[in-house]
**Q** 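Below are the structure tokens for one structure; questions will follow.
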Amino acid sequence: MATTTKAAAPAKKSGFLGVKEAWIILAICCVAGYSVWYFVMGNPDNFIGGDRSGHPANLLGTVYKGGFVVGLILTLLFTVICLGIERFFAIKTASGKMNLSKFTAQVKAAIKAQKFDEAKALCDKMQGSVANVVLASINMYQSVETDDHLKKIVSLGTLTALFGTVLGMIGSFQALSAGGGADSMALSAGISEALVNTASGILTSWVATVVYNFFSNKIDKLTYALDEIGYTIAATYDSNHNEA
């Protein structure tokens with residue numbers, strides 16, 4: 001007997017799903033961070049006499065004197081910003097096109113009423129990762145119904161800043177120990193380097209904390225919506241198979 005197989009439906013495009021290889025972002029940010037440190041902050045115009053080894057003429061020159069640690073801190077800062085933007089678009093795609101709370105309420109109501117075609121239509125309208133998960137759950141529910149055989153970067157920035165601070169303070173103490181008296185300009189430069197690294201690290205950690213908390217809240221909302229709908233599907237199945 002000839003058998004026919006139903007052609008698989010083409011996969012739906014879900015939009016931007018995020019960057020799979022995070023190391024690429026880190027590498028690009030590393031190049032950008034050290035480029036800004038060396039070519040922008042280290043521009044000869046930022047130093048008295050146009051000599052990088054001399055005294056800085058402005059704030060950019062002072063920051064450059066923080067050393068290679070400044071490039072590392074910039075790398076971390078740029079990475080946090082880039083990953084924050086990447087997560088924004090990825091989570092926006094996952095959230096779908098409808099209001100998440102409204103979608104959750106409507107799907108729950110449709111499932112409780114066993115109007116699965118209506119729930120699927122809502123998923124098609126919503127799109128995104130949440131809708132895809134819900135749709136897969138509904139399809140599995142219906143499959144079980146007809147098949148008798150089927151019965152879940154902040155600390156690094158701070159430590160890097162402290163490392164740069166220590167290097168700056170070492171420079172200050174070297175200035176104090178050189179010769180009989182301390183070179184006041186060298187001493188000031190060393191302290192400035194230490195403070196610049198500390199401030200840069202605190203800024204990076206602040207940005208990372210804000211971005212982390214923002215997206216953690218977004219993900220919590222998505223998880224809650226999936227839990228609510230999943231519970232409704234399970235409760236509906238349970239009520240249908242435990243009726244007297």
Side-chain angles (χ1 to χ4, degrees), residues 4-26 29 78-154 206-244:
T4 58
T5 57
K6 185 177 179 180
K12 296 181 180 179
K13 295 183 178 180
S14 299
F16 182 72
L17 299 178
V19 178
K20 295 182 179 180
E21 301 293 341
W23 68 268
I24 297 177
I25 293 180
L26 182 59
C29 290
F78 292 162
T79 300
V80 169
I81 294 174
C82 290
L83 289 179
I85 294 173
E86 184 266 347
R87 285 295 88 189
F88 172 80
F89 287 107
I91 293 178
K92 182 178 180 181
T93 299
S95 299
K97 297 183 176 180
M98 295 172 57
N99 179 273
L100 185 61
S101 299
K102 182 179 179 180
F103 169 75
T104 302
Q106 290 179 349
V107 170
K108 286 173 62 179
I111 291 173
K112 287 180 179 179
Q114 300 189 43
K115 297 179 180 179
F116 297 107
D117 289 338
E118 181 179 332
K120 288 182 177 181
L122 286 169
C123 291
D124 291 336
K125 182 179 179 181
M126 176 69 166
Q127 298 185 13
S129 300
V130 173
N132 290 339
V133 172
V134 174
L135 183 60
S137 299
I138 294 174
N139 288 333
M140 179 58 69
Y141 174 92
Q142 292 181 311
S143 176
V144 170
E145 284 285 275
T146 58
D147 192 337
D148 293 336
H149 298 286
L150 294 178
K151 295 254 181 214
K152 195 139 301 252
I153 299 187
V154 175
W206 180 86
V207 173
T209 300
V210 171
V211 171
Y212 173 80
N213 289 333
F214 176 79
F215 288 114
S216 292
N217 183 56
K218 288 286 186 182
I219 293 172
D220 286 343
K221 289 182 179 179
L222 295 178
T223 303
Y224 176 76
L226 291 174
D227 287 344
E228 283 287 294
I229 296 173
Y231 174 78
T232 301
I233 293 175
T236 301
Y237 177 84
D238 185 66
S239 64
N240 289 340
H241 291 269
N242 288 284
E243 294 178 352

**Q** Check side chain to side chain contact (heavy atoms under 4.5 Å, CB included) between K125 and all other residues, then give those that pass, not counting sequence neighbours.
**A** M98
**Q** Identify each donor-acceptor pair in which a side-chain atom of residues 100-107 lies under 3.5 Å from a protein atom, sequence neighbours left out, and give them as a table.
**A**
{"from": "T104", "atom 1": "OG1", "to": "L100", "atom 2": "O", "distance (Å)": "2.8"}

**Q** Could you grab the distance from atom CD of E118 to atom CD1 of I111, nearest 0.5 Å is fine?
**A**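 Between atom CD of E118 and atom CD1 of I111 there are 10.5 Å.
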**Q** Please report the closest heavy-atom contact between C123 and A131, naming both atoms and the distance.
**A** O-CB, 3.4 Å
